[in-house]
Amino acid sequence: MTGAPRRSPQWPSAASAVVAVMGDPVRHSLSPLLHNAAFDAMGLDWVSVAFEVPAGQGAVALAGARALGLAGLSVTTPHKEDAFVTVDERSALATRLGAVNCVTLEGGLLVGDSTDGAGFLAALHRAAGVDPSGRRCLVVGAGGAARAVVAALGDAGAAEVAVLNRDGPRAEAAAGLAGPAGRVAVPADLAGAEVVVQASSVGLGDPTAVHLLVDVGLFHEGQVVADLVYHPSRTALLAAAAGAGATTLNGLGMLVHQAALAVERWTGRAAPVEAMWAAVTPAAGEGAS
Ligand code: NAP
């Protein structure tokens, strides 16, 4: 059904297509808001909801999604690795990362992809007009989000992708995802980086938290500094970077753009990115500053 089905008192109906985000915790998630804003703007009889799925239940939940005929799933913490193992088919990028954050049902098959890195690059471009090609980049963190960003920066042709992380072996493994451009960083490398991405969980839910390896005194004008955290909308790291004259962006843009990529995979149509931005900006604060 197309047109404006979502304005009808009979909506959602037995014919509505269903997608979902699954994770734990998930009740804070902006993903249903983003997906539903897109479906509304597209005039699609689709609905997005959230499922709180405990750790260890990801594979069972995906089997359920297949049985129920969900059109797609966004997968978040702690299920990205389980989703990678469980899906029937996976993209080359998902295979490199060993993680899946976007599942599409195609002819009864669960098809997995990783859209976090592409979402980050789109957000970087929108907020700062930056293409990482030929740039010196530094990524803080080596977890799932950092790995997706490191691979995306490497694939985009960054001159260098240095990875700064508390755990050295994890930093080395993450840096390898950027190919020859990847290397392990030392804290002083921050000064020479043109693009800095804070991709660790430091700062999540705490606007005062500082990463012990990041010397915020090294931030300077001309740098682009991104923090993948979007709650709070301005972390202590972003505040310091903005204070030093750097261009800053928080993680909201990455969330919006990976959701747009999910909508495109599920529906086969271009996502209404501006409508999606408009839906979350009042809820979560500005995505760039
Ligand atoms: P993860 O896989 O658990 O990785 C966590 C990373 O943070 C690791 O590198 C870990 O270092 C580091 N870390 C944690 N506590 C630390 C501390 N006290 N000091 C120094 N390093 C610390 O988590 P993730 O899934 O990558 O998520 C990371 C962040 O990205 C979270 O804040 C998440 O909300 C955000 N995120 C945002 C988006 C978006 O769309 N904006 C998408 C995905 C994730 P070690 O390796 O040394 O343990």
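Just follow the structure's listing: the first ligand is 1, and inside any ligand the first atom is 1.
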Between [X] and ligand 1, does any nitrogen or oxygen pair lie at a separation below 3.5 Å?
X	value
Leu228	yes
Ser201	yes
Arg166	yes
Ala142	yes
Asp167	yes
Leu204	no
Asp116	no
Thr77	no

Among protein heavy atoms, which lies nearest [atom], and at what distance?
atom	result
atom 28 (C) of ligand 1	Ala199 O, 3.4 Å
atom 20 (C) of ligand 1	His211 NE2, 3.2 Å
atom 29 (C) of ligand 1	Ser200 O, 3.5 Å
atom 4 (O) of ligand 1	Gly143 CA, 3.3 Å
atom 2 (O) of ligand 1	Gly144 N, 3.0 Å
atom 41 (N) of ligand 1	Gly251 O, 2.8 Å
atom 27 (O) of ligand 1	Ala145 CB, 3.9 Å
atom 11 (O) of ligand 1	Asn165 OD1, 3.2 Å

> Atom NE2 of His125 and atom CG of Asp131: how far apart are they, to the nearest 0.5 Å?
Replying inline: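 Taking NE2 in His125 and CG in Asp131, the distance rounds to 6.5 Å.
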Please determine whether residues [X] and [Y] belong to a single hydrophobic cluster, defined as Ile, Leu, Val, Met, Phe, Trp and Tyr linked transitively by side-chain heavy-atom distances below 4.5 Å.
X	Y	result
Val256	Tyr230	yes
Val26	Val47	no
Val202	Leu212	no
Leu261	Val19	no

>> Tell me which one of Leu70, Leu62, Thr86 satisfies side-chain contact (heavy atoms from CB on, under 4.5 Å) with Val103.
In response: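 Among Leu70, Leu62, Thr86, the one that satisfies the side-chain contact (heavy atoms from CB on, under 4.5 Å) with Val103 is Leu62.
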Should you measure from each heavy atom of [X], which atoms of ligand 1 turn up under 4.0 Å away?
X	value
Val229	32 (O)
Gly141	9 (O)
Met254	39 (C), 40 (O), 41 (N), 42 (C)

> Taking the inter-plane angle between the rings of His257 and Trp277 on a 0 to 90° scale, is it parallel (under 30°), tilted (30 to 60°) or perpendicular (over 60°)?
Replying inline: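 Aromatic pair His257/Trp277 classed perpendicular.
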> Taking it one step at a time, do Glu160 and Arg183 satisfy side-chain contact (heavy atoms from CB on, under 4.5 Å)?
Replying inline: CA-CA 8 Å; Glu160 179 176 277; Arg183 69 172 174 86; 3.2 Å; yes
> Does the ring center of Trp46 lie less than 6.0 Å from the ring center of His35?
Replying inline: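 No: the rings miss the under 6.0 Å criterion.
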>> What I'd like to find out is whether the side chain of Pro187 reaches to under 4.5 Å of the side chain of Leu164, using heavy atoms alone.
In response: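 Yes. Closest side-chain heavy atoms under 4.5 Å.
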> Stepwise, does the side-chain contact (heavy atoms from CB on, under 4.5 Å) test hold for Trp11 with Asp45?
Replying inline: CA-CA 8 Å; Trp11 184 86; Asp45 182 12; 2.9 Å; yes
> Does Arg90 come within less than 4.0 Å of Asp113, counting only side-chain N to carboxylate O?
Replying inline: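 Here Arg90 does not pair with Asp113 in a salt bridge, since their nearest N and O are not under 4.0 Å apart.
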> Given the rule in the side-chain contact (heavy atoms from CB on, under 4.5 Å) test, do Glu106 and Asp88 qualify, once you have shown the distances and angles that lead to the verdict?
Replying inline: CA-CA 10 Å; Glu106 292 178 16; Asp88 302 303; over 6 Å; no
> Protein heavy-atom contact under 4.0 Å for atom 33 (C) of ligand 1?
Replying inline: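 So far as the 4.0 Å threshold goes, atom 33 (C) of ligand 1 is out of reach of every protein heavy atom.
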> Among Glu81, Arg170, Lys80, His231, whose heavy atom sits nearest atom 8 (C) of ligand 1?
Replying inline: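 Nearest heavy atom to atom 8 (C) of ligand 1 lies in Arg170.
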